[in-house]
Amino acid sequence: MDALCLSVSPSSAPSPQALLHSFNSPWELKQLHAHLIKSSVPLSSLPLPRVAAVCGPSPAGFPYAHRILTIVQGPASTTSLWNSCLKALAEGDSPSDAILLFYRLRDLDVLPDTFTCSFVLKACTKLLDLENGRIIHGYVEKLGLRWNLFLENMIVNLYASCGEMGDAEKLFDSMPKRDTVTWNTMITQSLKRGYTDKAHSYFTRMPERSVRSWTAMISGLAQCGKHEEALQLFRKMKGTDLRPNEVTVVAVLAACAAVGSLDLGREIHEFSDKSGFTKNTHISNTLVDMYVKCGCLEEALKVFNAMEERTIVSWSAMVYGLAMHGKGQEALSLFDQMVRMGVRPNGVTFVGLLHACSHMGLVDQGREFFAEMIRDYGMNPNIEHYGCIVDLLSRAGHLKEAREFIKNMPMEPNEVVWGAFLGGCAVHKNIELAEEATEHLSQLDPHNDGYYIVLSNIYANAKRWEDVARVRRLMRSRGVKKTPGCSTITIDGEVHRFVAGDLGHDGAEEMSQRWEVLLGKMKSRGYVPNTSVVLLDIEESEKEKFLYRHSEKLALVYGLINTRAGTTITIMKNLRVCQDCHEALKVASEVTSREIVVRDRNRFHLFKDGICSCGDYW
DNA sequence: GACTTTAGAG
């Protein structure tokens, strides 16, 4: 019956309880206060936490609220109310108000406890506010709260987060007691700054390691680019009785994706299913990315389709994945589907889309997307998007337009932008523009050899040997060393690495023989070694020998010897595939009746029946 | 009596 009454008169006067909550500013509270006095309602019926929350951040409201709290609670027990207020501020989006409120408390002689300090320290850490952090640190010591491990750990973390590793270490060394959190903090922060040796040292010195300790190491190493080290550590972790949690799994999957370690990735997938982790969006997103980067588009789609909830990260990963695998059309229609479902794309989504257009040579479509992100989504394209457009235009041979586009960019073009332009110049054999690009690149990224190599390839292609030699001298005089091409192939969970030109590994003799046989068959199917990519001015027959040194060919031969007939061969390469290897792999897929998957720096190539999925446009 | 610390995806 009560419910009925309520629904009949929805506009009846608010309940007294609701009235007591009805203030949103110190001023409204004062009015309410007056009303309470008139109707002799005791002050203690006010919701005190709300009084603190509404008035605390306001300079004028604070002393007023403090008076109310002191009247009702007595002077001693207002701290916890202020604490809840500080917590809300520190964890919300106004951590700087938390710091201001802390100082007001101090000025009114409200005695802070460990919780008070912890919230304001959190605020300082979030803001990377070293100056206030130091003051609070001093305050904590003055209050005699130094023995509190919670606070001590937070202060260590604060210094390290603000980039003061020295102070963090000094404090760490002086601590009479440390717990796992203390050590974990040092590990995480060391790795964030790339000090892997330091992190290792903390990790081995700590008396006891938790799941989070292992996870911090694995995830941090992966973020430093030490993916294989991360995976090694994970294998060690499996030997302990600790169980990986969701965060561990994300880190390991990311490392698998980087290395292309499909077997381990699959194993982790199974483990995630069994542990019920797969419903976690973070995990599924990383699984999608792992399968994409390990060459299993089908399985990536399977995970993506099975997801109950997709975020923009999931969609972007899938769009990018399709583009990477040469399924540009599918990437675009997946994007359409996403938009129709009302999901708003972000900057990363557009990077994937622009890549898709670039790989397919869809110049107009790409331009349209670029315009769309500005016009329809009000986004500010960043340098990565500009780089994509330069790539799109130059690959398609619109070199003049690309050059104009670079000139009109609102920011300074970086090495990625010029690198994309140079790539286009190489494909379309424009020596003059390539020279200009290299000029910029040698300033922007002087230690990267790739650009010099591309330029000298262009010269070699035009048989301008004196220029080839000049570039090589230039490299030598500038101390630029060639990054060797490197390919890996995983067989039975073991990663085999081949470096260009390294013929000194086990089984080299057998491999070389196998290559000769394969080469014979390939030539009879029309393969002509493309020696123009060899930099040296030597006899053609000699150059052919150099071509076999390319790492993807070595990996291919190794794969052919060590896998059963018919098995797909998957190769991961650190650089782009050269033209000759691309031709060779096409023909090899035909004569050996194998599918060959190659992941290069940019994308996947699936060689099958003499054809590559990239349509020779890469 | 409870409220506080370390980590994760495209």
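Every chain is numbered from 1, with letters handed out A, B, ... down the list of sequences.
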Sugar-phosphate only, base, or nothing, as touched by A:N83 at under 4.0 Å among non-hydrogen atoms: nothing
Sugar-phosphate only, base, or nothing, as touched by A:E91 at under 4.0 Å among non-hydrogen atoms: nothing
A:R344 (side chain) donor-acceptor with A:Y377 (main chain) under 3.5 angstrom: yes
Ring geometry between A:F277 and A:F271 (parallel below 30°, tilted from 30 to 60°, perpendicular above 60°): perpendicular
Sugar-phosphate, base or nothing in reach of A:F119, heavy atoms under 4.0 Å: sugar-phosphate
B:dA7 phosphate, OP1 or OP2, under 4.0 Å from A:Q223 side-chain N/O: no
Contact under 4.0 Å: A:K122 side-chain N or O vs B:dT4 OP1/OP2: no
Sugar-phosphate, base or nothing in reach of A:S84, heavy atoms under 4.0 Å: nothing
Side-chain heavy-atom pair A:H200, A:M217 within 4.5 angstrom cut-off: yes
Stretch residues 233-256 of chain A: residues that reach within less than 4.0 Å of DNA chain B through a heavy atom: A:N245, A:E246, A:V247, A:V250
No-hydrogen, no-angle side-chain donor-acceptor test under 3.5 Å, A:T286 and A:D289: no
Interatomic distance, A:Y202 OH vs B:dT6 P [rounded to whole Å]: 18 Å
Residue A:K87, side-chain atoms from C-beta onward, closest of B:dA2, B:dA9, B:dT4: B:dT4
Sugar-phosphate, base or nothing in reach of A:N346, heavy atoms under 4.0 Å: base
Under-4.0 Å salt bridge between A:E368 and A:R375: yes
Sugar-phosphate, base or nothing in reach of A:I312, heavy atoms under 4.0 Å: base
A:R367 with A:E372: basic N within carboxylate O range, under 4.0 Å: no
Rounded interatomic separation in angstrom, taking CG from A:L143 and P from B:dT4: 20 Å
